[in-house]
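Labels below follow one simple rule: chain letters A, B, ... track the order of the sequence lines, proteins then strands, and each chain is numbered from 1.
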There are 2 protein chains.
Amino acid sequence: MEKGSIRIKDIAEKANVSVGTVDRVLHNRGNVSEKAKKKVLAIIKELNYEPNLIARTLGTNKVFNIAALVPDPDLDLYWREPFNGIEKAEKEFFQYGIRIKKYTYNQYNPDTFIESANQVLENKPDAILVAPIFFNVSQEFLGNCKERNIPFVLINTDDRAQKPLSYIGQDSYQSGLLAAKMLHYGINGGGKLLIAHLAEDLESSTHLIKKEKGFRHYFEQQEELDDQFEIVSHYLKIPFQVPLLDQMDAIMNINPDIAGIFVTTSKAFEIAGYLEVIGREDIKLIGYDLLEPNINYLEKGVIDFLINQNAKGQGYLGVSVLNDYLIFKKKVDQLKYLPLDIISKENLQYYIDSEK
Amino acid sequence: MEKGSIRIKDIAEKANVSVGTVDRVLHNRGNVSEKAKKKVLAIIKELNYEPNLIARTLGTNKVFNIAALVPDPDLDLYWREPFNGIEKAEKEFFQYGIRIKKYTYNQYNPDTFIESANQVLENKPDAILVAPIFFNVSQEFLGNCKERNIPFVLINTDDRAQKPLSYIGQDSYQSGLLAAKMLHYGINGGGKLLIAHLAEDLESSTHLIKKEKGFRHYFEQQEELDDQFEIVSHYLKIPFQVPLLDQMDAIMNINPDIAGIFVTTSKAFEIAGYLEVIGREDIKLIGYDLLEPNINYLEKGVIDFLINQNAKGQGYLGVSVLNDYLIFKKKVDQLKYLPLDIISKENLQYYIDSEK
DNA sequence: TCAATTTTTGTGTGCGCACACAGTTAATGA
DNA sequence: TCATTAACTGTGTGCGCACACAAAAATTGA
């Protein structure tokens, strides 16, 4: 029943030193003669030593405190998902010594971000998971983290200029392309397409801009398509100042021949509701994310497809990366795009199941 | 820096017994007085004790030998994927004490299955992962496993009547539905659809039958669709007796108005090649699995969508389940359907990346 | 040359658990 | 009543690693 794997002890014996010395070179703790170091290193290489991670986590009986700084899940359904993902990871990695403290902020108010961010820094966490949705405000915070040598992982909003340990999120441009494909495929012969940004603020939402860009590029790539399809885009501010019904009526009046709508946020259900009311369920509708109301309209057939950005996965993976880094000392990928899943009524169940 | 979690020792102290006794009740090893047992059990419940899995795997210094019995990956591209998944899991779970020995058989020859299966039994593995693609022949083997109390997990082919620890695979019926949806969505106004079974043997391929059933049901569900679409299905035996070109020509002659084709196996690239040759890339084409040649035609736009059954994931998850069962003593799900991913040119990359 | 350092190396303990074995108490029988 | 089992309970060791501390060897200085 030999386990076969090589232990520190084996290396020590082969190098005629003690396990302490091997340990020292393994962790670069110094206080090792050049001679010994070379010898140990050679043998490690020769034997292809891989540390036993199980034993390591048990041995380093350390607790790591991670701060998670994300929008308040009670203010927006979308943010419920990453939040759940973080909590799932919290349970799973507890036994490895990972402790997570969650800090939330109001996604409509940058000041609350600053406030929570300060709290995070006060508590001196060992690592940070953050969704830096306010570009300007985040800069200072992330700068502070770097100054204090606190590693951080970014989710949802890419800001790799800040050199995070890792960015986990979506490729917005590509998802725009994908949405375009799905509408194009479903609409033979061309027509008019509407991009609907249902958001609080368009300027600072680089995501949405990128999605639109990807969407448009899909059609611009081929001259033939470019002729067949016409694209209009509208920004519908949330919360609605003017009732959605009126806003959409206005749009539909000017563009009575709309054949497909691409909602760039998780608010497709709003548009779906509208289409249902005016009895235009023939218009193809694509949106994002498996929120309850979206799922309902997907099952009814009003929404044709949802692109799943796997928001829950973002939260989970974010913590997972930190766990790999802190506990297992693995090197982690600097960039992780999550799959853009295409969800229809027919394969919905699997994605709901696997989210549990 | 207290870790906070409760240890066996804590329970022992609180119950005024030794850790040995606690261990005995935890593992039902007997030799414990009713009184002590009750007390310990109560405290375990009260403290909500969760064993430290890390320490457990280190403590039970056991090696488990798993036998994986799957079709030879060199005889069919499809089976390369689960094979890779198994190897990935092999590396990952090595440190937990999992050792995997792979046995392959010729998927076109049941006798080779019997032969390999016998070898498996001879070597008395602790658990088995098997793709039981020959229904009849498998029965005896699985019966033998049960007799010898060797737990087994099934992948790819469902045979839950044999009470496996778990079945991991696809929901063929549902994937037929999904394929139908994708063709329906892409073909406005109806038309003739071809189901093409490119397989070695149709009768014993319950998968393919189920896929066809799901596909047809999609259209039968709604009277309107039933009128719009006509479905024909053909079995094209592999390896081809008559050149595919001729077979397809014959089919196309009888059904010149085919608007979409659903290939129920991973051989969509064959049909794609045909469509390319006859210059009928307008015909919608749906197939399965991310094989190299399929991917090529997907990128060219000849294949519109591929349904990814995540074959690699089947292999990986199979081992993972066994690991959970043997090492961590977790209870495992008896059934795990993998997501039916819809792959188009635009989101292909993410699935290829994550397969690495 | 020899004590005082400094550098290098070795040893021991703990992490939480599993399990073998020794030790204790209770039940049994003649 | 006391040996003989049987039923139960406690102790000790190891898993592979990290890390503190003790020990030894090499270097320094007067």
Do the side-chain N or O atoms of [X] get closer than 4.0 angstrom to the phosphate oxygens (OP1, OP2) of [N]?
X	N	value
B/Lys35	D/dC8	no
A/Arg56	D/dG16	no
A/Tyr96	C/dG16	no
B/Arg29	C/dC19	yes
A/His27	D/dC19	no

Report the distance from atom [atom1] of [X] to atom [atom2] of [N], rounded to the nearest whole Å.
X	N	atom1	atom2	value
A/Gln95	C/dC17	CD	C1'	13 Å
B/Lys62	D/dG16	NZ	P	15 Å
B/Ile8	C/dC19	CD1	P	11 Å
A/Lys329	D/dC17	NZ	P	14 Å
A/Ile6	D/dG16	CD1	P	12 Å
B/Asn52	C/dC17	CG	C1'	8 Å
A/Lys9	D/dC15	NZ	C1'	11 Å
B/Asp23	C/dC19	CG	C1'	7 Å

| Which of these nucleotides, C/dC19, C/dC17, C/dC15, is closest to any side-chain atom of A/Leu58? | C/dC15
| message | Pair B/Tyr96, B/Phe328 - check ring-ring contact (aromatic ring centres under 6.0 Å, His included), show working. | response | CA-CA 9 Å; B/Tyr96 293 86; B/Phe328 290 142; 5.5 Å; yes
| said: Angle between the two end axes of the helix from C/dT1-D/dA30 to C/dA30-D/dT1, five base pairs per end, rounded to 10 degrees? | reply: 60°
| query | Is the charged tip of A/Arg99 near the ring of A/Phe64: under 6.0 Å from the six-membered ring centre and within 45° of its axis? | reply | no
| query | How would you list, by chain and number, every residue that makes a side chain to side chain contact (heavy atoms under 4.5 Å, CB included) with A/Ala68, sequence neighbours excluded? | reply | A/Ile86, A/Ile100, A/Lys102, A/Leu129
| message | According to side chain to side chain contact (heavy atoms under 4.5 Å, CB included), who are the partners of B/Gln119, at least two apart in sequence or on a separate chain? | response | B/Tyr103
| remark: Applied to residues 321-334 of chain A, the side chain to side chain donor-acceptor pair (under 3.5 Å) test, sequence neighbours excluded, yields none
| What pairs meet the salt bridge (Lys or Arg N to Asp or Glu O under 4.0 Å) rule with one or both residues in residues 43-57 of chain A, with sequence neighbours excluded? | A/Lys14-A/Glu46
| Could you give all pairs that pass the salt bridge (Lys or Arg N to Asp or Glu O under 4.0 Å) test and reach residues 16-30 of chain A, with sequence neighbours left out? | A/Asp23-A/Arg29
Output side-chain donor-acceptor pairs under 3.5 Å for residues 147-157 of chain B, partner residues at least two apart or in another chain, one line each.
| unit_1 | atom_1 | unit_2 | atom_2 | d |
| --- | --- | --- | --- | --- |
| B/Asn156 | ND2 | B/Tyr78 | OH | 3.2 |

| said: Holding to side chain to side chain donor-acceptor pair (under 3.5 Å), I want the full list of residues that pass it with B/Asp72, two or more places apart in sequence or in another chain. | reply: none
Atom pairs under 3.5 Å, N or O on each side, protein against nucleotides 6-10 of chain C: can you list them with distances?
| unit_1 | atom_1 | unit_2 | atom_2 | d |
| --- | --- | --- | --- | --- |
| C/dT9 | OP1 | A/Ser33 | OG | 2.8 |
| C/dT9 | OP2 | A/Ser33 | N | 2.9 |
| C/dT9 | OP2 | A/Ser33 | OG | 3.4 |
| C/dG10 | OP2 | A/Ser18 | N | 2.5 |
| C/dG10 | OP2 | A/Ser18 | OG | 3.1 |
| C/dG10 | OP2 | A/Thr21 | OG1 | 3.2 |
| C/dG10 | N7 | A/Arg24 | NH2 | 3.0 |
| C/dG10 | O6 | A/Arg24 | NH2 | 2.6 |

